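Worksheet: one structure, shown below.
Bear in mind that the values here come from a model prediction, so they are computed numbers and not experimental data.
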Amino acid sequence: MSKLQPVRGTSDLLPVDMAGHRFVVDNARNASAQYGFQEMATPIFEFTEVFSKPLGTSSDVVTKETYSFEDRGGERITLRPENTAGVVRAMISGGLTQSLPLKFFYAGPMFRYERPQKGRMRQFHQIGIEYLGPTDALADAEIIACGARVLADIGVLDKCVLHLNSLGDTESRLAYRAALVDYLGGHEAALSDDSKQRLAVNPLRILDSKDAGDRAIIADAPRLQDHLNDQSKAHFATLTAALDAASIAWKFDPLLVRGLDYYCHTAFEFITDALGAQGTVLGGGRYDGLSEMLGGPAIAGVGWAGGIERLAMLAAGGMVAVPQLAVVAADNDSDQHAFKLAEQLRDAGFSVDLPTAGNMGKKMKKLDKAGINIAVIMGGDEVERGVVQLRNLSDGSQDEVARDALVSALSSIISHAGNNVDQ
RNA sequence: GCGGGUGUAGCUCAGUCGGUUAGAGCGCCAGUUUGUGGCACUGGAGGUCGCCGGUUCAAUCCCGGUCACUCGCCCCA
């Protein structure tokens, strides 16, 4: 192909792609607004510490996946690989900790230096919500319910399974981690190479290894749920009771873990099998330790992020809006009249296209291909007589209408529900 | 970062056991129709066969590298 190609792992959002993208974002924005989440945005780059401090050196996201560079002023900058840290940073920076709780919705690009695959890009886009302040498990339930509603609204909930686990609070998790390392240490030689690395760096990750040998060892490993203290158990029980009450189906997944240190209690992912290896379509959890790790006050938080590209691939929807009608000049001398009429119709609230190239046959052909169903045709004769030809391209009918009566005539045949859409 | 597959027209793909002008369908443009689209017919444009190098009298085809896409690992959205 041409040498003029986008950078690896990036892609253009042409109108047809943008339609699916907007379909996801618009629905997510509306659904989260039903729960009181308000839209905000943070910069797409931050000082590197915003990500390196909370994510830690053990995380793949930081060690090998970030786009980091030094700017002209010598500052170390990182393109955001996710948005939770940025949102929490914004909360601290903006002094918003005085008005808890906070409910935020965001949508925007994220950047990870990964090997691209289907559903995995170096620049990709996420929607997400963050609920800052509450420690109660009902907050966890509410954000999961919100996530389920987003998926339902775009028509993909029935293609996903909600996997749910509890990591417990810090005390529980540290106790479990010690037990797990103790057990796995006895089997180290039999572990896969990847898992040998993880044993030192991030042992919980071994739990969801896909290696067959690892899985055999894991089968007899100590279980996370056996190490939850009473408070952690209560948190999880409250959450699951709330989900059950709302008829939100979930599946307990004891192997679902999050690598990052600030995660605690709830971890969940909506997973589909329709997208190959990139099955997680929306995932998140509780991150009570994050604010403190960033140097702010101890403020709890729960949230999730969803991959817009992955969601758009699952969703059939996505409509490209096209104008409702077009004004066609039948001859060159009528161009100015057609232009003026198009403006008048736009003043009246219609979406109007005005084809300008070629003879009348070409213009009509363009309308047809664009999916425009109504043509207002005017030539010298019509201008003189103060009328237009109103042609319906769907059924081929055509009527002469007085210009004074055009707006009301159009109003009766074009629904005012909104833009005409066609895909 | 690791392993496998693929790369021929805008799109989906044939094809050349290495040999003169590389094909099809769809799409695009034009005409049949100089005030009327869809259908049909006719014609046309469009490819350095991803890129660089090697072997060869000769490479789109074989070999190496590279880039991109793709499948899996890793990790996650």
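The aromatic rings of A:Tyr35 and A:Phe37 sit tilted relative to each other, their planes meeting at an angle between 30° and 60°.
Within the 4.0 angstrom heavy-atom criterion, only backbone atoms of the sugar-phosphate kind lie near A:Leu282; the bases stay farther away.
Here the C1' atom of nucleotide B:A77 and the CD atom of A:Glu114 are 9 Å apart, to the nearest Å. B:A77 atom P lies 17 Å from atom CG of A:Leu79, rounded to whole Å. Between the CZ atom of A:Phe111 and the P atom of B:C75 there is a distance of 24 Å, given to the nearest Å. Taking atom CE of A:Met121 as the reference point, atom C1' of B:C75 lies 17 Å away to the nearest angstrom. Across the protein-nucleic acid pair, A:Tyr113 atom OH and B:C2 atom C1' stand 14 Å apart, rounded to whole Å. What separates CG of A:Leu255 from P of B:C75 is a distance of 13 Å, to the nearest Å. Nucleotide B:C74 holds its P atom 14 Å from the CG atom of A:Leu191, rounded to whole Å.
Annotation: salt bridge (Lys or Arg N to Asp or Glu O under 4.0 Å) contacts of A:Arg223 (sequence neighbours excluded): none. Partners of A:Thr280 under the side chain to side chain contact (heavy atoms under 4.5 Å, CB included) rule, at least two apart in sequence or in another chain, are A:Glu269, A:Ile271, A:Arg310. Checked against ring-ring contact (aromatic ring centres under 6.0 Å, His included), A:Phe47 has no partners two or more places apart in sequence or in another chain. Taking A:Glu142 as the reference, A:Lys103 meet the salt bridge (Lys or Arg N to Asp or Glu O under 4.0 Å) condition, with sequence neighbours excluded. Here A:Thr10 pairs with A:Pro6, A:Val7, A:Gln123 under the side chain to side chain contact (heavy atoms under 4.5 Å, CB included) rule; sequence neighbours left out.
With P as the reference atom, B:G10 and B:C71 are 24 Å apart, rounded to whole Å. The C1' atoms of B:C61 and B:G44 are separated by 30 Å, rounded to the nearest whole Å. Comparing B:C57 with B:C51, their C1' atoms sit 25 Å apart, to the nearest whole Å. For the P atom pair drawn from B:G19 and B:C49, the interatomic distance equals 15 Å after rounding to whole Å. B:U34 and B:A9 have their P atoms separated by 36 Å, given to the nearest Å. Across B:U16 and B:A77, the matching C1' atoms stand 44 Å from one another, rounded to whole Å. Nucleotides B:G64 and B:G7 are separated by 15 Å at their P atoms, to the nearest Å. Using atom C1' as the reference point in both B:C67 and B:G53, the two lie 14 Å apart (nearest Å).
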task: Would you give a per-nucleotide map of nucleotides 65-70 of chain B, 5' to 3', where B means the base has a protein non-hydrogen atom under 4.0 Å away, S means only the sugar-phosphate does, and - means neither?
output: --SSSB
message: So if I define the base as every atom that isn't primed, P, OP1 or OP2, how would nucleotides 30-43 of chain B read as a B/S/- string at a heavy-atom cutoff under 4.0 Å?
response: SS---BBBB-----
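The partner of B:U6, taking Watson-Crick or G-U wobble pairs whose two distances both stay under 3.5 Å, is B:A68. Pairing partner, B:U60: none, since no Watson-Crick or wobble contact has both distances short of 3.5 Å. Base pairing of B:U48: no nucleotide in any strand meets the Watson-Crick or G-U wobble criterion (both distances under 3.5 Å). Remark: B:C74 base-pairs with no nucleotide; criterion is Watson-Crick or G-U wobble with both hydrogen-bond distances under 3.5 Å. Under the Watson-Crick or G-U wobble criterion, with both distances below 3.5 Å, B:U55 is left unpaired in every strand shown. B:G43: Watson-Crick or G-U partner is B:C29, with both key distances under 3.5 Å. Using N1 to N3 plus N6-O4 or O6-N4 for Watson-Crick, or N1-O2 and O6-N3 for G-U wobble, each under 3.5 Å, B:A24 pairs with B:U12. B:G37 makes up no base pair with any nucleotide shown, lacking Watson-Crick or G-U wobble contacts both under 3.5 Å.
Applying the side chain to side chain donor-acceptor pair (under 3.5 Å) test to every pair with at least one member in residues 15-24 of chain A, sequence neighbours left out, gives no pairs at all. Screening residues 23-33 of chain A for side chain to side chain donor-acceptor pair (under 3.5 Å) gives A:Asp26-A:Arg29, A:Arg29-A:Glu39 as the qualifying pairs, with residues at least two apart or on separate chains. Within the structure, side chain to side chain donor-acceptor pair (under 3.5 Å) pairs that include any residue of residues 354-364 of chain A do not occur (at least two apart or interchain). Counting only residues at least two apart or in different chains, salt bridge (charged side-chain N to carboxylate O under 4.0 Å, His left out) contacts with residues 128-140 of chain A comprise A:Asp140-A:Arg286.
Nearest heavy atoms, A:Ile218 versus A:Leu207: CD1-O, 3.7 Å.
The 12-atom threshold is exceeded at CD of A:Glu343, counting heavy atoms of other residues, nucleotides or ligands nearer than 6.0 Å.
RNA chain B is contacted by no residue of residues 24-33 of chain A, taking any non-hydrogen atom closer than 4.0 Å.
Under the 4.0 Å criterion applied to side-chain N and carboxylate O atoms, A:Glu46 and A:Arg80 are not assigned as salt-bridge partners.
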